[in-house]
Amino acid sequence: MREVLYRDAICEALDEEMARDERVMLIGEDIGFIGGNFKTTVGLLEKYGDLRVKDSAISEAGIVGMGVGMALTGVIPVVELMFSDFLLVAADQAINQMAKIRYMSGGQATVPMVIRCPIGGGRSSAAQHSQSMQAMVAHFPGIKVLVPSTAQEAKGLLKSAVRDPDPVIFFEHKMEYSNKFEIDDSIELIPIGKADVKRAGEDITIVATSSLAIKSLSAAEKLAGEGISCEVIDLRSVIPFDRDTVIASVKKTGRLLVVDEAHEFCGIGAEIGANLMDDIFYDLDAPIGRIATPNVPLPFSPALEMPIIPSEKKILEKVRAMVRPGA
């Protein structure tokens, strides 16, 4: 085992995939000369040259559109957008082109590309640079949607994403980039579409995405001291969704709490609940719980922003209310 920053795990994955396959190419704003807005591509320009590590113009539609064209001609592009919010600028290219080409060509053409983008609040980046867009893009068929939590997941899943024959949107939580994690010396590919049971438990199942899987584990540790046993599942992949792992867990615990930082309305929690209800209804001892960001734009002021972001405290309070109502 060794300690690695989350951002360095991303860079290692890109480095290893570029060394493995000369078709892998990076494109994005400031990814070359300065090594990326969040320093996830440091050193790659010097190692692979500006033909494979391309600083782009400030045009998300142009970047993603170029990536689609590259993928159709045999290149494997990894496109970096500075913030997930900017997916909206590139929505036509990502949703109407990238996601649909395999289907509309009857399988004659594929688009093997990855779009990497940061999600989440916590940096006072305000309403246009703090959103979590995973639920939005998961709505559209043809895109695989990944939400790695730790450096281990980030590296293993990104390597799998680069090798996948279909388009992948890869969401990295911006508050994790500078955090250190212990990872294996040699990381195997993490299969896309397989959740990970991070902690076994008996009283409640917590399904969490991205950095909230880490907060859920911390909350579970504290709750164990109170006699509450939490099973924590790191979803890792929104699309494909590993419903079998979640169903098996809820049948054991009788309770389900979904924790995701995107806005609550039409969010991941609502879809997971609806998706599983036919299979878990008679096993539930309590209504399905959700923790998400309220349906308001992300404020700039830390005093307003931090209270609305899902937190360990909110997980603790919600689990106590679900397992011991009225206590």
Side-chain angles (χ1 to χ4, degrees), residues 5-15 18 24-45 48 50 52-68 70-71 77-95 97-98 113-137 143 145-148 151 154-155 157-158 161-162 167-179 209-211 261-263 293 297-300 302 305 309:
L5 294 174
Y6 187 98
R7 66 172 180 243
D8 291 341
I10 296 287
C11 191
E12 285 184 11
L14 295 171
D15 187 5
M18 294 181 78
V24 179
M25 176 180 171
L26 313 184
I27 181 170
E29 297 165 20
D30 292 333
I31 66 167
F33 182 68
I34 70 168
N37 191 39
F38 291 100
K39 303 302 179 184
T40 55
T41 54
V42 171
L44 298 183
L45 172 65
Y48 295 103
D50 62 3
R52 295 182 66 193
V53 182
K54 300 296 292 184
D55 278 321
S56 71
I58 304 175
S59 172
E60 286 74 22
I63 301 168
V64 175
M66 189 178 297
V68 173
M70 290 176 179
V78 180
V79 176
E80 179 181 313
L81 303 183
M82 278 193 179
F83 297 93
S84 70
D85 312 64
F86 302 163
L87 275 168
L88 295 172
V89 182
D92 181 64
Q93 298 293 344
I95 293 167
Q97 309 302 330
M98 181 184 79
M113 65 179 288
V114 180
I115 300 177
R116 295 179 42 243
C117 40
I119 58 172
R123 290 172 57 96
S124 297
S125 299
Q128 297 170 335
H129 298 75
S130 303
Q131 296 174 91
S132 297
M133 311 295 283
Q134 54 267 33
M136 183 195 80
V137 295
I143 304 171
V145 182
L146 306 184
V147 282
K155 184 172 181 180
L157 282 172
L158 183 53
V162 172
V168 177
I169 298 184
F170 194 88
F171 290 111
E172 305 155 12
H173 201 289
K174 61 174 70 77
M175 297 303 290
E176 299 301 333
Y177 282 128
S178 297
N179 289 341
T209 65
S210 190
S211 65
E261 191 169 328
H263 293 298
T293 298
L298 271 292
F300 169 74
E305 178 189 29
I309 296 172

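The figures that follow rest on heavy atoms only: side chains count, while hydrogens, waters and symmetry mates do not.
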Quiz prompt | Candidate pair V68 and M113, rule side-chain contact (heavy atoms from CB on, under 4.5 Å), full reasoning | solution = CA-CA 7 Å; V68 173; M113 65 179 288; 3.8 Å; yes

Quiz item: So which heavy atom on A154 is nearest to which on I10, and how close?
Solution: CB-CD1, 3.7 Å

Quiz item: When you measure from the side chain of R123 to the backbone N and O of M175, does any donor-acceptor pair fall under 3.5 Å?
Solution: no

Quiz prompt | Under 3.5 Å donor-acceptor, S56 side chain and I27 backbone | solution = no

Exercise. Give a yes or no on whether the backbone of M25 and the side-chain of Y48 come within a donor-acceptor separation of less than 3.5 Å.
Key: no

Quiz item: Is any side-chain heavy atom of P148 closer than 4.5 Å to a side-chain heavy atom of F170?
Solution: yes

Quiz item: What distance do M82 atom CE and I58 atom CD1 have between them, rounded to the nearest 0.5 Å?
Solution: 7.0 Å

Exercise. Assess the side chains of Q131 and D85: does a donor N or O sit below 3.5 Å from an acceptor N or O?
Key: yes

Quiz item: Are the side chain of T40 and the backbone N or O of C11 linked by a donor-acceptor pair below 3.5 Å?
Solution: no

Quiz item: Roughly how far, to the nearest 0.5 Å, is CD of Q93 from OG of S59?
Solution: 9.0 Å

Quiz prompt | L81 to P118 - nearest heavy-atom pair and separation | solution = O-CD, 3.2 Å

Quiz item: Between atom OG of S132 and atom NE2 of H263, what is the distance when rounded to the nearest 0.5 Å?
Solution: 8.0 Å

Quiz prompt | 4.5 Å side-chain heavy-atom contact, K39 and D8 | solution = no

Exercise. Decide yes or no for E29 and N37: does some side-chain heavy atom of the first lie under 4.5 Å from some side-chain heavy atom of the second?
Key: no

Quiz item: Can you tell me how far CG of L45 sits from CD1 of I31, rounded to the nearest 0.5 angstrom?
Solution: 8.5 Å

Quiz prompt | Shortest non-hydrogen contact between I143 and A94, atoms and distance | solution = CD1-O, 4.0 Å

Quiz item: Is the shortest heavy-atom distance from the side chain of I115 to the side chain of I63 under 4.5 Å?
Solution: no

Quiz item: Taking all atoms of both residues into account, what is the closest heavy-atom pair of G32 and D55, and its distance?
Solution: N-OD1, 2.7 Å

Quiz prompt | Side-chain heavy-atom pair F38, R7 within 4.5 angstrom cut-off | solution = no

Quiz item: Should we count CE of M66 as having more than 12 external heavy atoms under 6.0 Å?
Solution: no

Quiz item: Which residue, M98, M133, M136, forms the side chain to side chain contact (heavy atoms under 4.5 Å, CB included) with I169?
Solution: M98

Quiz prompt | I34, CD1: over 12 other non-hydrogen atoms inside 6.0 angstrom | solution = yes

Exercise. Heavy atoms only: give me the nearest G67-P77 pair and the separation to one decimal.
Key: O-CG, 3.2 Å

Quiz prompt | Side-chain touch H173/S210, heavy atoms, less than 4.5 angstrom | solution = yes

Self-check item: Residue pair E60 / L87, side-chain heavy-atom distance below 4.5 Å
Solution: no

Quiz item: Sequence neighbours excluded, which residues qualify as salt bridge (charged side-chain N to carboxylate O under 4.0 Å, His left out) partners of E12?
Solution: R2, K155

Quiz item: Do the non-hydrogen side-chain atoms of M18 and V78 ever get within less than 4.5 Å of each other?
Solution: no

Exercise. Locate the shortest heavy-atom distance separating F86 from Q128; write the atom from each residue and the value.
Key: CE2-O, 3.9 Å

Quiz item: side-chain contact (heavy atoms from CB on, under 4.5 Å) between T209 and F171: does it pass, once the steps are laid out?
Solution: CA-CA 10 Å; T209 65; F171 290 111; over 6 Å; no

Self-check item: E176 side, atom CD; L5 side, atom CG - distance, nearest 0.5 Å
Solution: 11.5 Å

Quiz item: Just by distance, do the side chain of Q134 and the backbone of V145 share a donor-acceptor pair under 3.5 Å?
Solution: no

Exercise. Measure from the side-chain N and O atoms of E305 to the backbone N and O of G122, and report whether any donor-acceptor pair falls under 3.5 Å.
Key: yes

Practice problem: Rounded to the nearest 0.5 Å, what's the gap from CG on L26 to CZ on R116? Could you check? | Solution: 8.0 Å

